[in-house]
Structures are given as structure tokens and as C-alpha cells.
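By convention in this document, chain letters (A, B, ...) are assigned in the order of the sequence lines, proteins followed by strands, and residues within each chain are numbered from 1.
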Amino acid sequence: MSQKKVRVRFAPSPTGGLHLGGVRTVLFNYLFARHHGGEFVLRIEDTDQTRYVPGAEEYIMECLRWCGLEADESPLKGGPYAPYRQSERKGLYRQYAEQLVAAGHAYYAFDTPEELEAMREVEKARGNHSPQYNHSVRKTMRNSLVMDAAEVKALLEKGTPHVVRIKMPENEELRFTDMIRGEVSFQTSTVDDKVLLKADGMPTYHLAVVVDDYLMKISHAFRGEEWLPSAPVHILLWKYLGWEADMPQWAHLPLILKPDGNGKLSKRDGDRLGFPVYAMNWTDPKTNELTRGFREIGFLPEAFVNMLAMLGWNDGTGQEIFSIEELIARFSIERVHKGGAKFDYDKAKWFNHQYIVKTDNALLANLFKPVLLEKGVAAEPAFVAHVAGLVKERCHFINEIWDHGFFFFIRPDKYDVDAVKPKWSAEKQAFFEEWAAGLAGLEDFSFAPLEESFKQLATSKGIKPGELQLPFRIMLCGGKFGPPVFVIAETLGKAETIERIRLGLAALA
RNA sequence: GCCGCGUUGGUCAAUCGGCUAAGACGCCUCCCUUUCACGGAGGAAUGACGGGUUCGACUCCCGUACGCGGUACCA
């Protein structure tokens with residue numbers, strides 16, 4: 001086990017958009033694989049045909065691509081253990097189920113859904129809160145444990161619908177070491193006889209995960225904490241199938257919780273509280289309902305990934321901003337938290353802000369292009385980049401470049417006159433008229449000489465320069481926002497600045 | 001109900017028996033800036049509870065409480 005090549009897998013079922021927690025599971029798998037020079041495989045667990053959602057699989061792969069967490073082997077890429085879609089592996093599973101039956105570790109069950117329901121009703125009437133198909137009731141049901149061999153054979157030959165169930169031992173203690181939680185133990189008496197093979201011939205998750213992890217030589221299996229209660233089934237299966245020596249090491253990841261109250265974070269919480277939960281936009285093919293994703297809301301994938309990495313993991317040094325290379329170098333599954341973490345959208349925004357600030361201006365300009373297009377504004381890439389550099393430190397999202405710098409592209413269409421009017425005077429008006437006139441002759445239109453001439457004239461007229469700066473800003477931007485005023489003027493250029501003073505003065509009159 | 005897993009400020013969290021309990025987000029005050037941010041300096045705010053073990057417990061053990069997860073021919 002220790003010398004085994006590291007191979008991990010992310011095994012989603014394609015039932016909808018990829019949730020934050022799912023991406024984090026991908027990330028931890030990916031980081032672990034890269035850290036150990038191993039392989040990361042994507043396996044699609046589509047064994048429940050009733051839950052099939054068209055487009056979900058493509059969506060998942062696009063998410064991984066956007067996040068930069070692509071798998072080495074996948075349905076799309078193929079690989080030595082193909083196929084990577086369980087529905088295409090259907091024929092594989094039955095033989096293992098039969099093998100378990102033959103060894104006495106599983107059995108055929110012919111109970112119909114109605115009979116199962118009847119059993120549950122009887123049990124509930126007896127005060128049993130959660131009726132299970134287990135050692136205490138299996139002897140009263142219609143299965144190969146109670147029927148004689150000939151009868152079973154006849155039913156099977158007639159093609160009677162049936163499932164295969166695992167025969168849980170009545171009273172054994174099962175323990176295993178979880179890489180995050182340490183020693184975990186269960187009593188087999190509390191686990192029911194899970195269905196392994198469904199009546200439609202498809203395996204359930206329980207059988208499929210074990211068979212495929214074995215066949216695909218998975219060395220470490222990471223999954224959400226919600227799987228912990230069924231771990232005993234999986235461990236027993238590894239044992240019964242005779243593969244115990246090859247069993248992967250388990251790690252059950254903590255859940256990502258909703259910010260308010262408690263409980264698993266769900267799409268609904270995002271809708272309710274106003275933040276994305278899915279990695280990218282997802283449109284439900286049935287209802288046509290659109291759920292906004294982190295990508296479309298303006299997150300940089302690096303920021304998204306970094307933020308996710310810190311949800312349940314840290315390297316112990318206090319560092320929070322990590323490149324993917326650093327994450328790969330420092331990641332260790334043992335440092336993953338046991339407890340769930342509440343999702344904090346403010347912190348997520350802070351991460352994105354950090355990445356925007358350190359992203360190259362030309363790159364930001366490129367990402368901002370769609371917004372300009374949407375606004376119907378044409379501008380030189382170099383100019384856009386310059387503006388991005390001027391405003392990026394006040395942005396949490398790419399599209400906020402517009403909110404903080406639109407006036408570089410278009411003239412203000414309204415002025416915050418209330419901010420100026422109360423203190424406005426004929427003297428100030430005269431100052432701007434005179435200064436604007438003098439501007440025409442200014443040779444160096446960069447911010448320092450601009451500011452210098454502005455202050456000189458103000459002082460000579462006996463006005464505090466500070467009292468003139470806000471009006472000037474309003475004339476250029478229309479409101480109380482933006483980078484330092486003289487930098488704005490420099491960027492706008494001489495002609496435009498003079499024109500905006502003229503228009504501003506008119507608006508204030 | 002039963003089973004399992006958790007529990008350090010509002011949130012993310014460090015600590016692997018010596019704590020005057022880091023750091024970050026958010027919040028508040030001040031400085032910088034007569035915009036907003038950035039930056040800088042401060043501040044409020046934390047070990048669920050009760051028992052052990054120990055010279056010493058946030059750290060180890062046992063209970064209790066609380067929370068979450070599971071309890072399907074779903075994953």
C-alpha cells in the first residue's frame with residue numbers, strides 16, 4: 001500500500017451544477033495527486049438513470065477546465081482504465097455481485113417495492129423509527145437466504161426482478177483509519193443490508209465505488225463527510241471481494257456549511273443570501289431556471305481556487321494567498337480540518353480583490369472587454385489597461401472596473417451637485433474659468449504640474465486648494481469617486497479636461 | 001429514535017501539555033487622502049458545559065449539551 005502509485009479520483013454524479021463543495025473536493029484530490037506525483041481521474045457516477053440530467057457532465061468538465069484542475073483521465077480524455085462513465089461499465093459489476101453471493105456475503109432479494117413499503121409500515125407501527133432491511137428482518141423477507149435453492153433458481157431463470165444485497169454480519173466491530181479523523185469504528189449490527197445491484201442491473205454507488213476504485217487502482221479515496229456512515233459497507237466489500245490489501249486510504253472531507261444557522265450549504269442558500277454557490281452559471285434544462293456562478297459574477301479562477309483551499313485547510317503558517325504551485329507544494333491531507341466550515345462570502349470577495357490587485361493590467365483589460373462591449377464603448381487596449389491599473393485596488397470584481405472608472409470612457413451624464421452647491425461661490429466659478437483658460441498653455445499635462453498650477457492659482461486667489469478639489473472631481477467624474485483627481489485629468493488629457501470643466505461649470509451654475 | 005462525526009472570537013483559523021490564546025475577513029476608532037479605495041496605527045471580540053488525569057490542560061480521558069451527517073433499488 002505504501003509504495004503504491006498515488007491515484008485519486010473525483011466521482012460526481014451528473015445531476016446538476018457543480019457546487020462549491022464539489023469543487024473543493026476536486027481541488028483536494030488534485031492537490032494531493034500533484035503533491036505526490038500521482039494521477040487524478042474523473043469518473044462519472046451515472047448509475048441512477050432516473051436522475052440523469054443532460055449537460056451536467058459537460059458542465060462539470062468545463063468547471064474543472066475553468067478552475068485549472070483538469071483530470072489526467074476522464075470520459076473525454078480516456079485513459080488506461082476506460083470507460084470512465086459507470087453507465088458504460090454496466091456489464092462489469094454483475095460478476096462481482098454474483099461472486100459475493102457465491103461466497104455467502106450477499107444474497108438475492110425478490111421483494112417488490114410494495115413489500116418493502118409494507119415491511120417498513122409494520123416496523124414503524126412497532127415503534128421502529130428507521131426500519132432497515134437488516135439481520136433482524138431479512139429472514140422474514142423474500143430472498144435467497146430463506147428460500148430453497150430450487151425456488152431461487154426458478155425465479156432467477158424466469159427473469160424475476162431482483163436485487164443483490166450485502167449480508168451484513170450480525171455483530172462485528174469494524175474499524176478503519178481515516179486520514180483526517182483518525183480511527184473510526186462502527187458496529188455492523190447498525191448497518192443495513194444495502195442493495196449492491198439494482199433490479200435494472202445497474203450497481204448502486206456502494207458496489208460501483210468499490211469495484212471501480214479497485215479496477216482503476218485508486219490509492220486514496222477522498223469524499224464528503226456525508227459518506228462516512230456507509231464506509232463500513234465499502235470496507236466490508238473490499239474485504240469480501242478479496243481486495244483488502246489494495247483498499248485505498250480513506251479521507252472524509254468536512255462539509256461546507258451555510259453562513260447563517262447550520263447545515264450543508266445549498267444552492268437555495270445562495271439564492272436567499274445573494275451569492276453564488278455553483279462554480280459557473282447553470283441552467284436547469286427542465287425548468288430553464290438560471291443559477292449564477294462564481295465565474296460569471298466576476299471571480300478569477302485562481303482566486304476561487306485559493307479561497308476554496310482555505311476552507312478547511314491551512315498550512316499552519318498563517319499565509320492565505322497561495323499560487324496553485326504553492327498549494328501543491330504545501331498541501332497535506334492530514335492538515336485538513338475535521339469540522340465543517342461556514343462559507344463567508346465577504347472573505348471570498350476579499351480573495352478576489354487580492355487577485356485583481358496583483359493581476360497584470362493588460363490581463364484585467366482583456367477580462368474587462370466584455371463589459372465595455374456591453375456598454376457599447378470602444379477604447380484602445382492600452383488605455384483600458386491603464387484605467388484598470390488606476391482603479392483595480394477598489395474592485396472586488398472585474399466588472400467593478402466600470403463602476404469605479406466609467407468616466408474614463410464616457411462623460412458623466414449627471415453631476416452630484418448636492419456635494420458642491422452648498423459651498424459654491426462666484427469666486428470658485430471664476431477660479432475654474434481662469435484655470436481652465438490657462439490650461440491650454442500648459443505643456444506638461446501630467447498630474448504633478450497640473451496639481452502645482454491648480455494650487456498656485458488657488459492660493460493666489462485666497463481659496464484653499466482643498467475646497468476646490470471636490471468640485472473639480474465632480475466636473476470630471478460626476479460624483480465622489482475615482483482615483484486622485486489630477487491623475488484623472490492627466491488620463492483624460494488636456495482637451496477633454498478643459499471641456500469637462502466647461503460642462504461642469506454649466507451644470508453647477 | 002438509532003448510528004457516526006464534530007465543537008477555539010460574528011466568520012476562517014494557529015496551537016500538536018507551559019497561553020500574557022497567533023494571524024486573516026468583517027466591524028469600530030484614528031492617521032493618510034477634502035471622493036472612494038489602498039496603506040499605516042489602535043480597539044472590541046474566542047477555548048460549549050461538568051468531571052477526571054497532571055506540578056500544569058484549549059490541548060489527553062470520560063460524561064453532558066449542542067450542531068451536523070446518515071438512516072433509499074440517490075449519489
Side-chain angles (χ1 to χ4, degrees), chain A residues 11-15 45-48 50-51 86 109 111-113 116 120 127-134 161-165 178 180-181 184-187 189-192 194-206 208-209 223-232 252 254-255 257 259-264 307 310-321 337-351 353 357 391-396 400 403-404 416 419 423 464-474 476-477 479-485 488:
Chain A
S13 71
T15 53
E45 308 233 344
D46 54 349
T47 54
D48 186 357
T50 64
R51 295 213 305 165
Q86 287 181 333
D111 317 274
T112 63
L116 253 19
R120 292 193 184 106
N128 182 350
H129 262 259
S130 54
Q132 294 187 313
Y133 199 119
N134 61 15
H162 64 278
V163 301
V164 174
R165 286 180 181 272
D178 184 283
I180 296 170
R181 286 151 217 284
V184 180
S185 68
F186 293 89
Q187 214 61 41
S189 59
T190 64
V191 185
D192 60 345
K194 291 274 183 243
V195 169
L196 265 21
L197 200 70
K198 301 187 261 188
D200 65 1
M202 276 288 203
T204 58
Y205 172 82
H206 306 294
V209 74
R223 65 206 331 183
E225 189 184 354
E226 68 268 29
W227 288 107
L228 203 45
S230 54
H252 290 89
L255 267 17
L257 277 13
D260 58 338
N262 292 295
K264 254 202 304 199
M307 177 273 292
M310 301 311 290
L311 228 45
W313 176 85
N314 69 80
D315 76 343
T317 66
Q319 182 178 339
E320 293 190 286
I321 303 295
H337 263 251
K338 296 181 174 76
K342 288 186 183 175
F343 177 63
D344 180 356
Y345 190 49
D346 280 328
K347 189 75 183 250
K349 277 159 59 176
W350 176 82
F351 272 105
H353 173 249
V357 169
V391 303
K392 65 182 181 181
E393 65 196 12
R394 54 210 88 195
C395 297
H396 286 94
E400 285 179 348
D403 303 324
H404 291 113
D416 184 357
K423 290 184 179 174
K464 275 192 271 178
E467 289 192 18
L468 294 162
Q469 279 192 39
L470 188 59
F472 187 32
R473 171 178 298 281
I474 304 287
L476 298 184
C477 318
K480 294 197 275 186
F481 36 70
V485 247
I488 298 176

Note: A/Arg51-A/Asp48 ion pair, threshold 4.0 Å (strictly below): yes

Mind checking if A/Phe481 touches a base, just sugar-phosphate, or nothing, with heavy atoms under 4.0 Å? base

When the distance from NZ of A/Lys464 to P of B/U33 is rounded to whole Å, what number comes out? 14 Å

Round to a whole Å and report the spacing from CD of A/Gln132 to P of B/C73. 11 Å

Atom NE2 of A/His396 and atom P of B/C25 are separated, to the nearest Å, by 11 Å

Looking across every strand, which nucleic acid part, if any, lies under 4.0 Å from A/Gly263 by heavy atom: base, sugar-phosphate, or nothing? sugar-phosphate

CD of A/Glu226 versus C1' of B/G6: gap in Å, rounded? 14 Å

Have a look at A/Val184 and say if it touches a base, only the backbone sugar-phosphate, or nothing, with a 4.0 Å heavy-atom cut-off. sugar-phosphate

Let me know the distance between CG of A/Leu311 and P of B/C25, rounded to the nearest Å. 16 Å

Side-chain N or O of A/Lys338 closer than 4.0 Å to phosphate OP1/OP2 of B/G67: no

At under 4.0 Å between heavy atoms, what does A/Gly127 touch on the DNA or RNA strands: base, sugar-phosphate, or nothing? nothing

Return no unless some side-chain N or O of A/Gln469 is found under 4.0 Å from OP1 or OP2 of B/U34. yes

Please work out if A/Thr317 contacts a base, only the sugar-phosphate, or nothing of the nucleic acid, heavy-atom cut-off 4.0 Å. nothing

Nearest of B/A75, B/C38, B/G69 to any side-chain atom of A/Lys264? B/G69

So, is A/Asn128 close to the B/G1 phosphate, meaning a side-chain N or O under 4.0 Å from OP1 or OP2? no

Ignoring hydrogens, what is the shortest heavy-atom contact between A/Val391 and A/Pro483? Give both atom names and the distance. CG1-CG, 4.0 Å

Under 4.0 Å, heavy atoms only, any strand: does A/Glu467 hit a base, just the sugar-phosphate, or nothing? base

Distance between the C1' atoms of B/C62 and B/A24, in whole angstroms? 36 Å

Note: A/Glu400-A/Lys349 ion pair, threshold 4.0 Å (strictly below): no

NZ of A/Lys194 to OH of A/Tyr133: how many Å apart, nearest 0.5 Å? 13.5 Å

Taking any strand in view, what nucleotide pairs with B/C30 in a Watson-Crick or G-U wobble way, both distances under 3.5 Å? B/G40

Please state whether the rings of A/His396 and A/His353 are parallel, tilted or perpendicular, taking 30° and 60° as the class boundaries. tilted

Side-chain-base donor-acceptor pair under 3.5 Å for A/Lys347 and B/A24: yes

Identify the nucleotide, in any strand shown, that forms a Watson-Crick or G-U wobble pair with B/U11, with both distances under 3.5 Å; if there is none, say none. B/A24

Closest non-hydrogen atom pair between A/Lys338 and A/Ile180, with its separation: CE-O, 3.7 Å

Measuring only the P atom in each nucleotide, how far is B/U15 from B/A22? A whole number of Å is fine. 14 Å

Taking atom C1' in both B/G47 and B/C66, compute the distance separating them and give it to the nearest angstrom. 16 Å

For A/Val209 and A/Arg223, work out which heavy atoms get closest and say how close. CG1-NH2, 4.5 Å

Short side-chain N/O contact to B/U11 OP1/OP2 from A/Lys342, under 4.0 Å: yes

Is the shortest side-chain N/O distance from A/Arg51 to OP1 or OP2 of B/A75 below 4.0 Å? no

Can any side-chain N or O of A/Gln319 pair as donor or acceptor with the backbone N or O of A/Ile321 at less than 3.5 Å? yes

Determine the contact category for A/Ala341: base if any of its heavy atoms lies under 4.0 Å from a base atom, sugar-phosphate if only primed atoms, P, OP1 or OP2 are that close, otherwise nothing. sugar-phosphate

Distance check: side-chain N/O of A/His206 vs OP1/OP2 of B/C73, anything under 4.0 Å? no

Integer angstrom distance from the C1' of B/U34 to that of B/U8: 43 Å

Side chain of A/Ser130 only, heavy atoms from C-beta on: which candidate in B/U35, B/G1, B/A13 is closest? B/G1

Please determine whether any donor N or O and acceptor N or O are separated by less than 3.5 Å between the side chain of A/Ser230 and the base of B/G70. no

Please lay out, stage by stage, how A/Arg181 and A/Glu225 fare under the test side-chain contact (heavy atoms from CB on, under 4.5 Å). CA-CA 10 Å; A/Arg181 286 151 217 284; A/Glu225 189 184 354; 3.8 Å; yes

How close or far is atom C1' of B/A75 from atom CG of A/Leu196, stated in whole angstroms? 15 Å

Using heavy atoms to find the nearest nucleotide of RNA chain B for A/Ala11 and A/Trp313 separately, return the residue whose nucleotide is more 5′. A/Trp313

Select base, sugar-phosphate, or nothing to describe what A/Ile474 touches, counting heavy atoms under 4.0 Å on all strands. nothing

Whether A/Thr190 contacts B/G4 is assessed here as follows: a side-chain N or O lying under 4.0 Å from the phosphate OP1 or OP2. Is that the case? no

Students often get this wrong, so: under 4.0 angstrom with heavy atoms, is A/His337 touching a base, only sugar-phosphate, or nothing? sugar-phosphate

Which nucleotide in the set B/C73, B/U71, B/G70 lies at the smallest distance from any side-chain heavy atom of A/Ala199? B/C73

For B/A45, give its Watson-Crick or G-U wobble partner with both distances under 3.5 Å, or none. none

NE2 of A/His252 versus P of B/G70: gap in Å, rounded? 13 Å

Mind checking A/Ser13 for me? I need base, sugar-phosphate or nothing, with any heavy atom below 4.0 Å counting as a touch. sugar-phosphate

Please work out if A/Asp111 contacts a base, only the sugar-phosphate, or nothing of the nucleic acid, heavy-atom cut-off 4.0 Å. base

Which nucleotide, if any, forms a Watson-Crick or G-U wobble pair with B/C5, using both distances under 3.5 Å? B/G67

Partner of B/C58 by Watson-Crick or G-U wobble geometry, both contacts under 3.5 Å, or none? none

Give A/Pro484 one of three labels, base, sugar-phosphate or nothing, depending on what nucleic acid heavy atoms sit under 4.0 Å from its own. base

Please report the distance separating the C1' of B/A45 from the corresponding atom of B/G10, rounded so that it comes out in whole Å. 9 Å

Given the P atoms of B/C49 and B/G9, what is the spacing between them in whole Å? 10 Å

Is any side-chain heavy atom of A/Asn314 less than 4.5 Å from a side-chain heavy atom of A/His337? yes

Counting the atoms with a prime plus P, OP1 and OP2 as sugar-phosphate, which does A/Arg120 contact under 4.0 Å by heavy atoms, base, sugar-phosphate, or nothing? sugar-phosphate

Specify the residue among A/Glu225 and A/Pro161 whose closest nucleotide of RNA chain B lies further upstream toward the 5′ end. A/Glu225

Roughly how far apart, to the nearest Å, are B/A44 and B/C25 at atom C1'? 16 Å

If you look at every strand shown and take non-hydrogen atoms under 4.0 Å, does A/Thr50 touch a base, only sugar-phosphate, or nothing? nothing

Given that both distances must come in under 3.5 Å, which nucleotide forms a Watson-Crick or G-U wobble pair with B/U35? none

If pairing requires Watson-Crick or G-U wobble contacts with both distances under 3.5 Å, which nucleotide is the partner of B/C73? none

Under a 3.5 Å cut-off for both distances, is B/C16 Watson-Crick or wobble paired, and to whom? none

With rounding to whole Å, what would you report as the distance between B/A13 and B/G42 at their P atoms? 27 Å

Output the rounded distance in Å from NE2 (A/His353) to P (B/G26). 9 Å

